[in-house]
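Just below is one structure, and these are the notes that go with it.
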Amino acid sequence: MNTRDLSSHEPYVPGRGLEEVARELGVAAADLTKLSSNENPYGPSPRAVEAMEAAVGGVHRYPKASHTDLTASLADEWGLDPAQVWVSPGADGALDYLARATLAPGDGVLVPDPGFAYYAMSARYHNARVETYPVTKPDDFAQSADRVLDAYDGERLVYLTSPHNPSGSEIALDEVRTLAERVDPETLLVVDEAYGEYSAAESARTLVDEYDNVAVTRTFSKAYGLAGLRVGYGLVPESWADAYARVNTPFAANDLACRAANAALDDDDHLRRSIDGARRSRERLRDGLDVRTWPSGGNFVLAEVGDAAAVAEAAKREGVIVRDCGSFGLPGCIRVTAGTAEETAEGVAVLNRVTD
Ligand SMILES: *Cc1c(COP(=O)(O)O)cnc(C)c1O
């Protein structure tokens with residue numbers, strides 16, 4: 001047999017795991033500094049770890065109560081009805097649920113270029129066409145309603161990323177509001193706030209009350225430090241929130257993930273430390289790196305280094321792993337995650353040496 005025609009489906013190329021790189025270099029994983037996947041360098045919330053340890057013996061049961069509890073906590077946190085909180089396996093899962101709820105075969109989606117690869121992947125899984133709008137280096141990756149509208153042609157889904165990965169740029173809430181008013185009423189704006197906790201800007205959650213075509217996605221993978229568990233969520237308008245029951249994969253957000261996320265939500269100390277640390281470190285990256293960088297609202301900084309593949313390779317040989325942005329369609333740049341103070345200092349020293 002054959003698969004269907006997957007030739008237009010680009011495979012996802014993740015940043016490589018720490019153990020893999022350690023094996024390749026013949027060093028201990030502990031000797032490497034991983035600044036390539038925007039993970040939380042402070043680890044998971046201790047409360048989340050405790051909650052998982054207490055629940056491990058119960059994983060023979062389906063995650064019904066833990067899913068309901070997490071949904072209720074998030075609804076409370078955001079001041080929304082529980083039905084408007086679409087808990088999912090990672091924010092990637094929420095992107096899929098929104099696609100399932102909106103896309104018919106042949107519909108278009110509009111995604112930023114460069115941008116997060118999964119938007120286009122998810123669209124293709126749902127037999128949609130992928131169009132792009134530019135977020136450009138000459139423009140310092142500025143995002144605005146006009147830039148999106150110039151490319152917009154009635155697509156069913158429009159993705160906005162704020163803060164934007166990999167550049168760190170943000171889109172002002174008023175610009176999102178303008179978009180919500182100017183696009184077709186049947187176009188859903190998805191505001192991906194995977195890095196929202198690190199930003200000083202207000203969440204687009206307020207627009208979820210004002211418009212029935214704005215949804216927000218968030219994740220526990222970054223500021224909450226739970227990337228390995230795969231848990232995120234969407235916040236959707238009340239008028240069609242009940243679609244969740246028809247589109248979600250049953251029990252896809254697992255029991256330990258739901259319990260850990262619920263506990264992490266209550267751990268203000270861990271969250272504060274993660275956010276403050278990332279903000280300090282991203283400024284150290286901007287001040288310390290000798291190459292050109294851009295302001296970032298996230299826990300990472302984009303840097304222009306010339307031959308990015310060579311720089312990433314040379315840094316790796318010196319024990320620092322960064323992300324070559326070639327796979328984002330941004331050759332010449334690397335993305336450096338804000339690590340702990342020590343990791344960031346090491347990253348700056350190594351990168352300055354290898355770009356010298
Ligand atoms: C990390 C990230 C996500 C979410 O990842 P999950 O681990 O699936 O929650 C979503 N969008 C962007 C832009 C990201 O960088």
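Whatever order the structure lists them in is the order used to number ligands and atoms, beginning at 1. All values below were derived from every heavy atom in this structure, side-chain atoms included, with hydrogens, water molecules and symmetry-related copies excluded. Every value quoted in this text rests on a predicted model; they were computed, and no experiment measured them.
- For atom 8 (O) of ligand 1, the closest heavy atom belonging to the protein is Arg230 NH2, 2.7 Å.
- Within the 3.5 Å criterion, the main-chain N or O of Ala241 finds a donor-acceptor partner in the side chain of Trp86.
- Proximity of Tyr195 to ligand 1, defined as any heavy-atom pair under 4.0 Å, is confined to the side chain (atoms from C-beta onward).
- Below 30°, between 30° and 60°, or above 60°: for His67 and Tyr244 the angle between ring planes is below 30°, a parallel geometry.
- Close approach to Thr161 involves these atoms of ligand 1, each under 4.0 Å from a residue heavy atom: 13 (C).
- Distances between N or O atoms of Tyr119 and those of ligand 1 include no value under 3.5 Å.
- Taking every non-hydrogen atom of Ala194 and a distance limit under 4.0 Å, the qualifying atoms of ligand 1 come out as 2 (C), 3 (C), 10 (C), 11 (N), 12 (C), 14 (C).
- Between Lys222, Arg335, His164, Glu193, it is Lys222 that holds the heavy atom closest to atom 1 (C) of ligand 1.
- In this structure, CD on Glu170 lies 13.0 Å from OH on Tyr195, to the nearest 0.5 angstrom.
- Ion pairing between a basic and an acidic side chain is recognised when a charged N comes within 4.0 Å of a carboxylate O; Lys316 and Glu313 show such pairing.
- No donor-acceptor contact under 3.5 angstrom links the side chains of Glu343 and Thr33, judged on distance only.
- Inclusion of Val231 in the set of residues having an N or O under 3.5 Å from an N or O of ligand 1 is not warranted.
- For the pair Arg272 and Asp276, the salt-bridge criterion is met [side-chain N within less than 4.0 Å of a carboxylate O].
- Ligand 1 has a nitrogen or oxygen under 3.5 angstrom from a nitrogen or oxygen of Thr219.
- The shell of residues lying under 4.0 angstrom from ligand 1, judged by heavy atoms, includes Ala91.
- Taking 4.0 Å as the cut-off between side-chain N and carboxylate O, Arg246 and Asp242 do not count as a salt-bridged pair.
- Of all the heavy atoms of Asp192, the ones lying under 4.0 Å from any atom of ligand 1 belong exclusively to the side chain.
- Arg177 has a carboxylate O that lies under 4.0 Å from a charged side-chain N of Asp174, or vice versa, which qualifies the two as a salt bridge.
- Protein heavy atom nearest atom 5 (O) of ligand 1, with residue, atom name and distance: Asp92 OD1, 3.8 Å.
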